[in-house]
Amino acid sequence: MAFVKVATLQELPAGTGKQVTVNGKKIALFNLGGSVVALDDTCPHRGGPLSEGEVSGTEVTCPWHGARFDLNTGGNLCPPARSGVATFKVQVVGDEVHVELP
């Protein structure tokens, strides 16, 4: 597994999400007040873009149907989604955000 540069901190203000695509895989990045997390950007319910969801603390709400996910674990917190999403390890090197891909 290797870490790949996917963004810079300037592209990801605190409290926001951003979609990046690496090797055809859509990944959602979130800046939680200086701590960056990465998870699969596709909601398992109907494919909504989690990167466009509302962030509250360490949770994101899918903008399409309201399923909520834990940003640290990818765990599903409420219906209509029935499963969580994959998470990815993140490294911040200087101002660069790197994600480890399988």
Side-chain angles (χ1 to χ4, degrees):
M1 292 195 232
F3 280 91
V4 177
K5 178 188 173 193
V6 294
T8 64
L9 290 176
Q10 289 79 7
E11 298 173 292
L12 193 63
T16 65
K18 174 182 178 63
Q19 181 189 87
V20 296
T21 303
V22 182
N23 298 334
K25 177 77 173 159
K26 292 179 182 177
I27 298 172
L29 299 176
F30 294 93
N31 184 339
L32 305 179
S35 175
V36 179
V37 297
L39 59 150
D40 190 330
D41 192 36
T42 306
C43 178
H45 172 242
R46 294 270 191 235
L50 296 180
S51 59
E52 296 177 17
E54 182 179 331
V55 176
S56 178
T58 60
E59 298 178 6
V60 64
T61 301
C62 178
W64 287 7
H65 301 109
R68 289 191 338 268
F69 300 88
D70 183 293
L71 289 170
N72 291 307
T73 67
N76 174 33
L77 300 173
C78 75
R82 295 178 186 225
S83 62
V85 293
T87 58
F88 304 92
K89 292 182 181 178
V90 175
Q91 286 182 339
V92 177
V93 180
D95 73 337
E96 296 179 348
V97 178
H98 297 243
V99 173
E100 185 178 42
L101 299 176

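Values reported hereafter were calculated over all heavy atoms of this structure, with side chains retained and with hydrogens, waters and symmetry mates removed.
- Leu9 and Val37 are assigned to two separate hydrophobic clusters, defined by single-linkage of ILVMFWY side chains at heavy-atom distances under 4.5 Å.
- Of all heavy-atom pairs spanning Thr8 and Glu11, the tightest one is N-OE1, 2.6 Å.
- Connection of Leu29 to Leu39 is not established within any shared hydrophobic cluster, with ILVMFWY side chains joined at heavy-atom distances below 4.5 Å, either directly or through further cluster members.
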Cut-off 3.5 Å, no hydrogens considered: what does the side-chain donor-acceptor table look like for residues 78-98, sequence neighbours left out?
unit_1: Glu96; atom_1: OE1; unit_2: His98; atom_2: NE2; d: 3.0

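- In this structure, the separation between NE2 on His65 and CZ on Arg46 is 6.5 Å, given to the nearest 0.5 Å.
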(message) Show, in sequence, the C-alpha distance, side-chain angles and deciding distance for Leu71 and Leu32, and conclude whether the side chain to side chain contact (heavy atoms under 4.5 Å, CB included) test is met.
(response) CA-CA 9 Å; Leu71 289 170; Leu32 305 179; 3.5 Å; yes

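- Phe3 and Val20 fall into different hydrophobic clusters, where Ile, Leu, Val, Met, Phe, Trp and Tyr residues are linked whenever their side-chain heavy atoms come under 4.5 Å apart, directly or through other members.
- Side-chain atoms of Asn31 never come within 3.5 Å of backbone atoms of Gly15 as a donor-acceptor pair (strictly under, hydrogens ignored).
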Donor-acceptor contacts under 3.5 Å from residues 47-60 side chains, at least two apart:
unit_1: Ser51; atom_1: OG; unit_2: Asp41; atom_2: OD1; d: 3.1
unit_1: Ser51; atom_1: OG; unit_2: Asp41; atom_2: OD2; d: 3.2
unit_1: Glu59; atom_1: OE1; unit_2: Arg68; atom_2: NE; d: 3.0

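- Without hydrogens or angle criteria, Asn23 side chain to Lys25 main chain gives no donor-acceptor distance under 3.5 Å.
- Taking each heavy atom of Asp70 and Asn72 in turn, the nearest pair found is OD1-N, 2.7 Å.
- The heavy-atom pair separating Lys18 from Leu12 by the smallest distance is CB-CD1, 3.6 Å.
- Side-chain heavy atoms closer than 4.5 Å link hydrophobic residues (I, L, V, M, F, W, Y) into clusters, and following such links, possibly through other members, connects Ile27 to Val6.
- Leu77 and Phe69 are members of different hydrophobic clusters when ILVMFWY side chains are connected at heavy-atom separations under 4.5 Å.
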